[in-house]
Number of protein chains: 2
Amino acid sequence: MKSVIPVTVVEIKAACSQCNLRELCLPFGLDPREVNQLDELVGSRRKIKRQQHLYRSGDGFEAIYAIRAGSFKTDVILEDGRDQVTGFQMTGEVLGLDGISTEHHSCNAIALEDSEVCVIPFSRLEELSRQVESLQHQFHKIMSREIVRDHGVMMLLGSMRAEERLAAFLLNMSQRFTVRGFSPSEFHLRMTRDEIGSYLGLKLETVSRAFSRFQEEGLVAVQQKHIRILDTPGLKRLLNHHSP
Amino acid sequence: MKSVIPVTVVEIKAACSQCNLRELCLPFGLDPREVNQLDELVGSRRKIKRQQHLYRSGDGFEAIYAIRAGSFKTDVILEDGRDQVTGFQMTGEVLGLDGISTEHHSCNAIALEDSEVCVIPFSRLEELSRQVESLQHQFHKIMSREIVRDHGVMMLLGSMRAEERLAAFLLNMSQRFTVRGFSPSEFHLRMTRDEIGSYLGLKLETVSRAFSRFQEEGLVAVQQKHIRILDTPGLKRLLNHHSP
DNA sequence: AAATCGTATTGACGTGGATCAAAGGGCTCC
DNA sequence: GGAGCCCTTTGATCCACGTCAATACGATTT
């Protein structure tokens, strides 16, 4: 067991109106006046160091979090110790929606690198979204998107083979980097093979072997966590043409 | 034996206030006046025969649906024909939340038996939930619950073995029947082995073999779709004590 | 009561990914 | 800038589940 590391909480006024992630995040679709209202609600930011928890399963729920910088993983843990990574989250994405249902979080959110989130007190968000229709709608879209994403993961876990899962994962990462203005074909993964494996329902050795296989076949160039996608159509083909 | 009383078939206004499912469904937590407001919004009911679609992937999204009678499955289908059952839904549960994110449904909803749903036009629901705080909150809880449920399925698909998955499935069904006032230990499954298998990421033969194994071990009595759970603690033990 | 068809069970065998093991590489933190 | 440790890769072997196949059962129709 690790010793408790003191969490640094820095209170800085968030400003959605100034944020270059606003088109991905909660302010999407709001007019400038409405964004200002949202600014007032988003009280503080919080810095989370690599490997630290933003929240833990069982914690009381009071806020959701928009990722301003860095990235996270969420996982669930069973009594016997087995765990499952349920997602990787990047800037502009929202964390904590799992907590609404029972007023307690049902998973852990852990920073994959030094990160920063905007704290959005939930009761105040509900209050404002009763007044601002576009905010209400955007919030509902964000929740729904999470449900759709989860269905995609179920498809992946339930009916794809190891290499298909990894191909789907890489294409998904690529697409999300692209949306954020980074290269679609070259990026740095912040998670370990073990974490990728947990997410994809595979062991880390299998993930490593699949990477090596992709490299042999000229689909990607892999150097540890640095990935260069060489043949996007090839990866896509791997997904759609199921051989056996 | 009941005698059949002839009834004039009329478009019956859905009436949450009269519905015995209201404690499971959208009206939960609303006061009587608020439930009446919800009544006005829930315009119509719709009957869906066994095997028919309530909606299909790609269909435009305008409403969500509360199940009044019967049961459904949802699934997603890949181009190459592979499909994955993403959930089974029972009375009082809400279908269609996947459609909010893109204004189009992203999965199919298919009746497992002759069923009936209440149609809840979504824009009107958003409108009313801007006025009725408790409705807004209950709706958010329902969406969040779906996300938490999906995480549970990911855990199941990603890190459990065949028999654990089936045990988890049976315990989940039992619990949901119980909440609805049915026996926790004896019930009738509406889905085929193939559908269970798809949901659990297993082949139908594996599901069948796991059922037979449970029967041999005295955990359940299985006769086709009729299930009698004989040893609930035994099933729970199967989940928590991971052997290998 | 027979015929049909979808559903379920069971057996034999094959395989993809898990497990076990060992070595090498590159961060991280002094 | 070096020590230590975590992460990754790769090989050898194993086994849970998939695949293929045959049969049996039950509901529905005629």
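Just so it is clear, the model here is predicted, and its values are computed rather than measured. All chains are named by letter (A, B, ...) in the order of the sequence lines, taking the proteins before the strands, and each is independently numbered beginning at 1. Hydrogens, waters and symmetry mates are skipped; everything else that's a heavy atom, side chains included, is used.
- For the pair B:Glu205 and B:Arg209, the salt-bridge criterion is not met [side-chain N within less than 4.0 Å of a carboxylate O].
- The six-membered or imidazole ring of A:Phe88 lies near that of A:Tyr199, with a centre-to-centre distance under 6.0 Å.
- Using a 4.0 Å cut-off between charged side-chain N and carboxylate O, B:Arg190 and B:Glu113 make a salt bridge.
- Remark: C1' of C:dG16 and CD of A:Glu164 are 12 Å apart, rounded to the nearest angstrom.
- Between A:Glu93 and A:Arg176 there is a salt bridge, with a side-chain nitrogen of the basic residue lying less than 4.0 Å from a carboxylate oxygen of the acidic one.
- Look at CD on B:Glu216: it is 11 Å from C1' on C:dT10, rounded to the nearest Å.
- Between A:Tyr55 and A:His105, the ring planes lie parallel to each other; the angle is under 30°, not in the 30° to 60° tilted range.
- Taking the side chain as every heavy atom from C-beta outward, B:Pro184 and B:Gln175 never approach each other to under 4.5 Å.
- Put simply, B:Thr206 has a side-chain N or O that comes within less than 4.0 Å of OP1 or OP2 on D:dG18.
- Considering only heavy atoms from C-beta on, B:Ile67 stays 4.5 Å or farther from B:Met90 through its side chain.
- Taking the charged nitrogens against the carboxylate oxygens, B:Glu116 and B:Lys47 do have a contact shorter than 4.0 Å, which makes a salt bridge.
- Over its length, the helix from C:dA1-D:dT30 to C:dC30-D:dG1 turns its helix axis by 60°, as judged from the five terminal pairs at each end, rounded to 10°.
- By the 4.5 Å heavy-atom criterion applied to side chains, B:Ser115 and B:Phe72 are counted as neighbours.
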Please tabulate the protein-to-nucleotide N/O contacts below 3.5 Å involving nucleotides 11-14 of chain D, giving atom names and distances.
residue : atom : partner  : partner atom : Å
D:dG11  : N7   : A:Arg209 : NH1          : 2.9
D:dG11  : O6   : A:Arg209 : NH2          : 3.2
D:dA12  : N6   : A:Arg209 : NH2          : 3.3

Short heteroatom pairs, N/O only, protein and nucleotides 5-8 of chain C, under 3.5 Å:
residue : atom : partner  : partner atom : Å
C:dA8   : OP2  : B:Arg193 : N            : 2.8

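- Picking from C:dT9, D:dA16, C:dG17 the nucleotide with the shortest atom distance to the side chain of B:Arg161 gives D:dA16.
- Side chains of B:Met191 and B:Met173 form a contact here, defined as non-hydrogen atoms less than 4.5 Å apart.
- The side chain of A:Lys203 approaches C:dA18 more closely than any other nucleotide in the set D:dC17, C:dA18, C:dG17.
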